[in-house]
Amino acid sequence: MPSLPSGLLGDLDPTSDRAVFRQIADQLREAIDRGRFKEGEKLPSEAELVEHYGVSRMTVRNSFSILQGEGLVHAEHGKGVFVRPRPPVRRLASDRFARRHREQGKSAFIVEADAAGSHPQVDSLEVKEEKAGQDVSARLGSVRRVLARRRRYLLDGRPVEFATSYLPLDIARGTQIAEPNPGPGGIYARLEELGHRLDHFEEEIRARMPSPAEVKTLRLASGVPVIHLIRTAYDTEGRAVEVCDTVMAADAYVLSYQLPAT
């Protein structure tokens, strides 16, 4: 078997207290960070690393497991271990809900997909009336029942997020918002047509590890966390007109914010 190119990976330090499999993971991580292995590129095989470092296959597998747990690589059965692509979508908070996008008939997701050069899709759509959960009810002004719109978003066929919008029934019932396709510009365009001109949004964001159901829905690889975002939309009268509960694959997004200096 041919040896790895000179300088691609270093040697182990036999005097170090750091475990051998962690040293190997450190060197692979550094090679990825320095661009020696590009996005989507296959890492050296187990056999190549066994020969290069003079270690067992289990040691190499433990090294790969560390990198998978960090979300840097993913394994494809029968093919090898590959560098995970960087997040393709930049979610610009200050622009994604701009009125001009709605006036052009574009929802926020379509705007972001266009900017990333990706093909957007929506599936797993469910629209129904239901009892409001305690948190949603409190955010919407103690409403008892809501219209819930659940959907999954995909880019180039890959699931990247799923979201549920909750709207007060006195606003949404019997309108196009209650239809599977709310029309150009999405539900925010329809809200403004109904007289609820949007004033501002409040978002709460946290990162966490996914539940088993979220792993399945978003087809997440091992070690990939999710971004859990709850957004409340307010109209110019100060009324909360929508709560959106969104779970995003953390390896699919960069969250970008512009903050005032005052």
Side-chain angles (χ1 to χ4, degrees), residues 89-116 118-155 159-205 227-248 253 255-258:
V89 181
R90 182 169 292 275
R91 185 183 183 278
L92 184 58
S94 61
D95 180 73
R96 67 190 314 262
F97 297 124
R99 184 165 285 105
R100 69 179 184 278
H101 299 317
R102 296 193 292 277
E103 292 173 347
Q104 294 170 359
K106 293 183 177 182
S107 66
F109 184 68
I110 291 177
V111 171
E112 291 168 346
D114 288 347
S118 298
H119 175 63
Q121 294 174 272
V122 178
D123 70 3
S124 304
L125 181 66
E126 179 186 48
V127 183
K128 67 176 184 177
E129 296 183 8
E130 64 184 41
K131 182 180 178 181
Q134 183 175 356
D135 181 67
V136 169
S137 176
R139 292 174 188 269
L140 290 176
S142 300
V143 300
R144 293 187 176 183
R145 294 187 62 80
V146 292
L147 179 78
R149 295 183 56 90
R150 294 181 174 84
R151 64 276 191 199
R152 183 175 68 165
Y153 294 99
L154 301 90
L155 289 176
V160 294
E161 68 175 85
F162 65 89
T164 304
S165 287
Y166 302 96
L167 301 103
L169 284 184
D170 67 293
I171 294 177
R173 177 182 277 169
T175 71
Q176 196 171 356
I177 295 173
E179 300 296 325
N181 182 359
I187 62 175
Y188 290 155
R190 303 293 81 75
L191 282 169
E192 296 206 317
E193 290 172 356
L194 292 168
H196 296 278
R197 185 174 177 84
L198 297 175
D199 180 74
H200 69 279
F201 302 87
E202 294 180 0
E203 292 187 339
E204 300 175 8
I205 302 171
I227 300 167
H228 188 184
L229 182 151
I230 299 178
R231 178 178 65 255
T232 306
Y234 294 87
D235 66 13
T236 54
E237 300 298 320
R239 182 180 180 184
V241 294
E242 181 234 19
V243 170
C244 186
D245 190 326
T246 303
V247 176
M248 300 179 283
Y253 285 92
L255 306 184
S256 180
Y257 293 85
Q258 294 179 356

Practice prompt. Could you give me the CA-CA distance, side-chain angles and deciding distance for Leu194 and Ile177, then say whether side-chain contact (heavy atoms from CB on, under 4.5 Å) is met?
Written response: CA-CA 10 Å; Leu194 292 168; Ile177 295 173; 4.0 Å; yes
Discussion item. Once side chain to side chain contact (heavy atoms under 4.5 Å, CB included) is applied, do any residues pair with Gln121, and if so which ones, sequence neighbours excluded?
Written reply: His119, Leu154
Discussion item. So, using salt bridge (charged side-chain N to carboxylate O under 4.0 Å, His left out) as the criterion, who are the partners of Asp199 when residues are at least two apart?
Written reply: none
Worksheet item: Heavy-atom distance under 4.5 Å between the side chains of Val143 and Leu169, does that happen here?
Response: no
Response to the item:
Those residues at least two apart in sequence (or on a different chain) that pass side-chain hydrogen bond (donor to acceptor under 3.5 Å, both in side chains) with Gln134 are none
Practice prompt. Look up atom OG1 in Thr246 and atom CD in Glu203, then write down how far apart they are to the nearest 0.5 Å.
Written response: 8.5 Å
Worksheet entry | Inter-residue atom distance Ile205.CD1 - Leu255.CG, 0.5 Å rounding | 5.5 Å
Practice prompt. List the steps, then state whether side-chain contact (heavy atoms from CB on, under 4.5 Å) holds for Val160 with Met248.
Written response: CA-CA 6 Å; Val160 294; Met248 300 179 283; over 6 Å; no
Discussion item. For residues 162-174, which residue pairs pass the salt bridge (charged side-chain N to carboxylate O under 4.0 Å, His left out) check, not counting sequence neighbours?
Written reply: Glu129-Arg173, Asp170-Arg239
Fill in: Atom of Val146, atom of Ala132 and distance for their closest heavy-atom approach
CG1-CB, 3.8 Å
Discussion item. Applying side chain to side chain contact (heavy atoms under 4.5 Å, CB included), can you list everything that pairs with Ala240, at least two apart in sequence or on another chain?
Written reply: Leu140, Thr232, Tyr234
Worksheet item: According to the ring-ring contact (aromatic ring centres under 6.0 Å, His included) rule, which pairs have a member within residues 120-141, sequence neighbours left out?
Response: none
Discussion item. By the side chain to side chain donor-acceptor pair (under 3.5 Å) test, which pairs, at least two apart or in different chains, include something from residues 175-185?
Written reply: none
Worksheet entry | Side-chain donor or acceptor of Thr164 paired with backbone N/O of Arg149 under 3.5 Å | no
Fill in: Distance, nearest 0.5 Å, that separates CZ of Arg139 from OH of Tyr166
11.0 Å
Worksheet, complete the sentence: In short, Ala178 meets Ala172 closest at the heavy-atom pair CB-O, 3.9 Å
Fill in: Gap separating the NZ atom of Lys131 from the OG atom of Ser137, nearest 0.5 angstrom
9.5 Å
Worksheet item: Does Arg152 have any side-chain hydrogen bond (donor to acceptor under 3.5 Å, both in side chains) partners at least two apart in sequence or in another chain, and if so, which?
Response: Asp123
Fill in: Closest non-hydrogen atom pair between Val127 and Pro180, with its separation
CG2-CA, 4.3 Å
Practice prompt. Kindly determine whether Glu242 and His196 satisfy side-chain contact (heavy atoms from CB on, under 4.5 Å), including the steps that lead there.
Written response: CA-CA 11 Å; Glu242 181 234 19; His196 296 278; over 6 Å; no
Fill in: Partners meeting salt bridge (charged side-chain N to carboxylate O under 4.0 Å, His left out) with Glu193 (sequence neighbours left out)
Arg190
Worksheet entry | Arg231 (side chain) donor-acceptor with Leu229 (main chain) under 3.5 angstrom | no
Worksheet item: Under 4.5 Å between any side-chain heavy atoms of Asp245 and Val136, yes or no?
Response: no
Practice prompt. Please list, chain by chain and in numerical order, all residues satisfying salt bridge (charged side-chain N to carboxylate O under 4.0 Å, His left out) with Glu237, sequence neighbours excluded.
Written response: none
Fill in: Asp235 side chain near Glu192 side chain, heavy-atom distance below 4.5 Å
no
Practice prompt. Taking ring pair (Phe, Tyr, Trp, His ring centres under 6.0 Å) as the test, write out the residues that go with Phe201, two or more places apart.
Written response: Phe97, Tyr188
